[in-house]
Amino acid sequence: KQEVTQIPAALSVPEGENLVLNCSFTDSAIYNLQWFRQDPGKGLTSLLLIQSSQREQTSGRLNASLDKSSGRSTLYIAASQPGDSATYLCAVKGTGSARQLTFGSGTQLTVLP
Amino acid sequence: GAVVSQHPSWVICKSGTSVKIECRSLDFQATTMFWYRQFPKQSLMLMATSNEGSKATYEQGVEKDKFLINHASLTLSTLTVTSAHPEDSSFYICSALGQGGSYSNQPQHFGDGTRLSIL
């Protein structure tokens, strides 16, 4: 059974810092990996999707990498802003008949002004 | 971009009431929709997967008679929590997967969630 772990569980940084969020998964047989943002009491906003054949994806100040063989992904946020404060979730889509998303427990990020 | 609308966003009701939550894909057709449950400060747990026109597939431990799912059209899925009790209070989120292309490269689009509070 796929398990997804995110470290750290919470992170607080001053505005302007670059930061890295980590995600690891136990089963490397995945279709893709997605990073989401969740604001308090809200649904999920998709940030980046990396296919299993890709190594990274970039969108603005965000860069996500994927090392499928080692079961790891990182989300790099450059020049952090208070508006980046949210919970960041990673999720992997498995292969086989289920093909469901398995989520990590998230990293709660606070960017201090 | 693909938009998923979930309604209502918040519902408070008495124990024993049945509550229906709607999930609509507004600008695309969703052959597959997913229902998740999220407890405070925890991640999303998949409850069931529904495909248009067929019965939903429930995850282990999820009572199908308690959580009724109907995916009657390509743009609408509903989750009905029957005879709700306080322990059913949670944040419920739906997600939709579009048609076309490869299943593997389609992102899932999420609704804004429904906060259910049972008194």
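Naming convention: chains lettered A, B, ... in sequence-line order (proteins, then strands); numbering from 1 in each chain.
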To the nearest 0.5 Å, how far apart are CZ in F36(A) and OG in S95(B)? 7.0 Å

I need the contact set between residues 102-113 of chain A and chain B: heavy-atom distance under 4.5 Å, sorted by residue number.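 Result: F103(A), G104(A), S105(A), Q108(A).
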
Would you mind listing every side chain to side chain donor-acceptor pair (under 3.5 Å) that reaches into residues 35-46 of chain A, with sequence neighbours excluded?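 Checked against side chain to side chain donor-acceptor pair (under 3.5 Å) - neighbours excluded - the pairs reaching residues 35-46 of chain A are Q34(A)-S46(A), W35(A)-S73(A), R37(A)-D39(A), Q38(A)-Q38(B).
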
Which answer fits L89(A), side chain, backbone, both or neither, if we ask what part of it has an atom under 4.5 Å from a heavy atom of chain B?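 Contact with chain B involves the side chain of L89(A) alone.
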
Is the [atom1] atom of [X] crowded by more than 12 outside heavy atoms at less than 6.0 Å?
X: K20(B); atom1: NZ; answer: no
X: E3(A); atom1: CD; answer: no
X: R61(A); atom1: CZ; answer: yes

Tell me whether [Y] is reachable from [X] by hopping between hydrophobic residues (I, L, V, M, F, W, Y) whose side-chain heavy atoms are closer than 4.5 Å.
X: L48(A); Y: F25(A); value: yes
X: I118(B); Y: W35(B); value: yes
X: F91(B); Y: L79(B); value: no
X: V81(B); Y: Y58(B); value: yes
X: V11(B); Y: Y92(B); value: yes

Looking at chain B, which one of L44(A), I30(A), V4(A) has the largest number of heavy-atom pairs inside 4.5 Å, strictly under?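 Looking at each of L44(A), I30(A), V4(A) in turn, L44(A) comes out on top.
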
Is chain A contacted by the side chain of L44(B), its backbone, both, or neither, given a heavy-atom distance below 4.5 Å? both

Of the backbone (N, CA, C, O) and the side chain (C-beta and beyond), which part of Q6(B) lies under 4.5 Å from a heavy atom of chain A, both, or neither?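 Q6(B) has no heavy atom closer than 4.5 Å to chain A.
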
Under the side chain to side chain contact (heavy atoms under 4.5 Å, CB included) criterion, do Q108(B) and L49(A) qualify, and how do the steps go? CA-CA 10 Å; Q108(B) 280 184 226; L49(A) 181 149; over 6 Å; no

For L101(A) versus Y36(B), what's the shortest heavy-atom pair and its separation? CB-OH, 3.7 Å

